[in-house]
2 protein chains.
Amino acid sequence: MAAGSPGTQGGESLLFLTDEQLRKGIEAMFFAYRAFTADPDRILENYEYGRAHHRAIHFINRQPGLTVNTLLIMLGVTKQSLNRVLRTLVEDGLVEARVGRTDKRERNLFLTDSGAALERELSDAQRARMRAAYRAAGPAAVAGFRQVLEAMMDPEIRRHYQSIKDGAA
Amino acid sequence: MAAGSPGTQGGESLLFLTDEQLRKGIEAMFFAYRAFTADPDRILENYEYGRAHHRAIHFINRQPGLTVNTLLIMLGVTKQSLNRVLRTLVEDGLVEARVGRTDKRERNLFLTDSGAALERELSDAQRARMRAAYRAAGPAAVAGFRQVLEAMMDPEIRRHYQSIKDGAA
DNA sequence: ATTTTATGTCAGCCATGTTGACTTTCCAAG
DNA sequence: CTTGGAAAGTCAACATGGCTGACATAAAAT
């Protein structure tokens with residue numbers, strides 16, 4: 001059904017929905033994502049951390065004080081997976097887990113100074129590539145890029161994504 | 001969302017290049033990529049295959065007859081990693097590895113009928129999400145999406161990407 | 001004839017995902 | 001006040017898919 005080539009249906013306005021166009025989009029996602037993770041991965045080789053640590057650090061930096069459960073939802077992994085990562089970060093003094101004030105069962109997560117330093121190092125590299133791509137493509141392309149990515153997310157995650165502070169605010 | 005749309009006059013102020021905008025782009029990549037891989041991953045649970053098999057099948061379908069070495073470059077993994085995947089696909093009769101005509105050291109890779117069937121099942125799911133996102137965002141956004149992703153790729157990979165057949169041709 | 005290339009394979013290691021079971025702490029509702 | 005359930009931590013076991021290193025074979029290139 002969906003496998004057919006709909007080049008003749010819908011007229012010119014739907015040419016961007018042909019299977020070929022969609023497959024090119026799939027490949028673009030794959031190749032771009034690999035480049036996107038390559039720079040921080042290279043830096044992480046110098047530490048005893050991996051991509052999972054990077055992701056945790058990123059979101060703790062973005063939403064200081066977020067709870068373990070919230071981070072779990074953002075990362076989309078099990079608590080056992082996250083705990084393995086989080087434990088090493090706390091032990092190494094990059095992340096602080098403060099007992100919640102209102103609900104003492106919760107842990108509010110914060111980056112320490114050294115955690116923030118690592119975050120900056122990783123983020124600098126990743127943003128450099130993103131900045132170069134944004135600059136090369138231009139503002140209109142960037143807006144389209146963000147629109148398509150947002151439309152691709154699962155709805156529940158999209159709400160979380162949109163709730164994180166936005167620089168244009 | 002207005003906050004995600006830096007005006008086109010941003011070419012002067014470069015508002016779309018703020019760190020906050022770049023961080024939102026980073027998060028968008030992360031969340032969208034996860035959704036992007038979720039559908040095929042769910043299907044693959046019914047087989048004894050994983051994401052690595054999917055990627056191999058995708059590129060063999062896109063460039064029938066490509067050599068192992070070319071596939072290695074596209075996937076960006078070691079030959080040992082690829083071989084583990086490729087061997088099971090050949091054993092299970094999803095992929096055929098024909099000895100090269102001109103250079104008998106090479107193996108030209110093709111999908112069998114059952115390999116093509118699995119490719120279609122996986123691709124249908126992935127394209128359905130991509131199509132929905134494209135449709136929601138519109139043709140202009142899709143063009144921008146592709147531009148940014150292309151600019152993000154490593155140059156060598158970008159050449160490979162561009163050499164694969166494009167529906168607009 | 002020798003070297004290089006393309007491929008295949010074995011063995012082992014690592015990071016990071018999973019499920020299941022169990023504990024501790026603590027909020028909240030009965 | 002008791003109890004049920006939520007948040008978090010932990011242990012164990014396992015799967016996937018990266019990696020390196022070492023080695024084998026066939027065929028092309030020199």
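Just so we're clear, the structure is a prediction, and the values are computed from it rather than from any experiment. So you know, we letter chains A, B, ... as the sequences are listed, proteins then strands, and number each from 1.
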Next on the checklist: Between the side chains of A:Arg158 and A:Glu156, is the shortest nitrogen-to-carboxylate-oxygen separation below 4.0 Å, so that they form an ion pair?
Outcome noted: no
Between atom [atom1] in [X] and atom [atom2] in [N], what is the gap in whole Å?
{"X": "B:Asn69", "N": "D:dA28", "atom1": "CG", "atom2": "C1'", "result": "14 Å"}
{"X": "A:Ile73", "N": "D:dA6", "atom1": "CD1", "atom2": "P", "result": "13 Å"}
{"X": "A:Leu82", "N": "C:dA15", "atom1": "CG", "atom2": "C1'", "result": "15 Å"}
{"X": "B:Leu109", "N": "C:dT7", "atom1": "CG", "atom2": "C1'", "result": "11 Å"}

Item to check | Contacts of B:Ile164 that satisfy side chain to side chain contact (heavy atoms under 4.5 Å, CB included) - sequence neighbours left out | outcome: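 Result, side chain to side chain contact (heavy atoms under 4.5 Å, CB included) vs B:Ile164: A:Lys24, A:Glu27, B:Phe59, B:Arg62, B:Gln63, B:Met74.
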Checklist entry - Under 4.0 Å: is that the gap between some side-chain N or O of B:Ser81 and OP1 or OP2 of D:dG17? => result no
Item to check | Residues in contact with DNA chain D, drawn from residues 86-108 of chain A - heavy-atom cutoff 4.0 Å | outcome: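 Those residues are A:Arg87, A:Arg105, A:Glu106, A:Arg107.
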Next on the checklist: Among residues 34-56 of chain B, which ones have heavy-atom contacts with DNA chain D below 4.0 Å?
Outcome noted: B:Gly50, B:Arg51, B:Ala52, B:His53, B:Arg55
Checklist entry - In terms of the nearest nucleotide of DNA chain D, which residue is placed more toward the 5' end: B:Arg84 or B:Lys79? => result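 First, find each residue's nearest nucleotide; the 5'-ward one identifies B:Arg84.
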Item to check | Donor + acceptor pair across side chains of A:Thr67, A:Arg107 (<3.5 Å) | outcome: no
Next on the checklist: For a quick check under 3.5 Å, do A:Gln126 and B:Arg23 share a side-chain donor-acceptor pair by atom type?
Outcome noted: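 Short answer, no.
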Next on the checklist: Can you classify the ring geometry of A:Tyr49 versus A:His53 as parallel (below 30°), tilted (30 to 60°) or perpendicular (above 60°)?
Outcome noted: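 Tilted, since the angle between the ring planes falls between 30° and 60°.
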Checklist entry - How are the rings of A:Tyr134 and B:Phe16 set to each other: parallel, tilted or perpendicular (split at 30° and 60°)? => result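 Aromatic pair A:Tyr134/B:Phe16 classed parallel.
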Checklist entry - Do B:Ile73 and A:Phe31 share a hydrophobic cluster (ILVMFWY, side-chain heavy atoms under 4.5 Å, transitive)? => result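 Not linked; separate clusters.
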Checklist entry - Between the base of C:dG12 and the side chain of B:Gln80, is there any donor-acceptor pair under 3.5 Å? => result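 Such a pair does not exist between side chain and base.
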Checklist entry - Is the shortest heavy-atom distance from the side chain of A:Phe145 to the side chain of B:Gln147 under 4.5 Å? => result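 Side chain of A:Phe145 against side chain of B:Gln147, heavy atoms only: no contact under 4.5 Å found.
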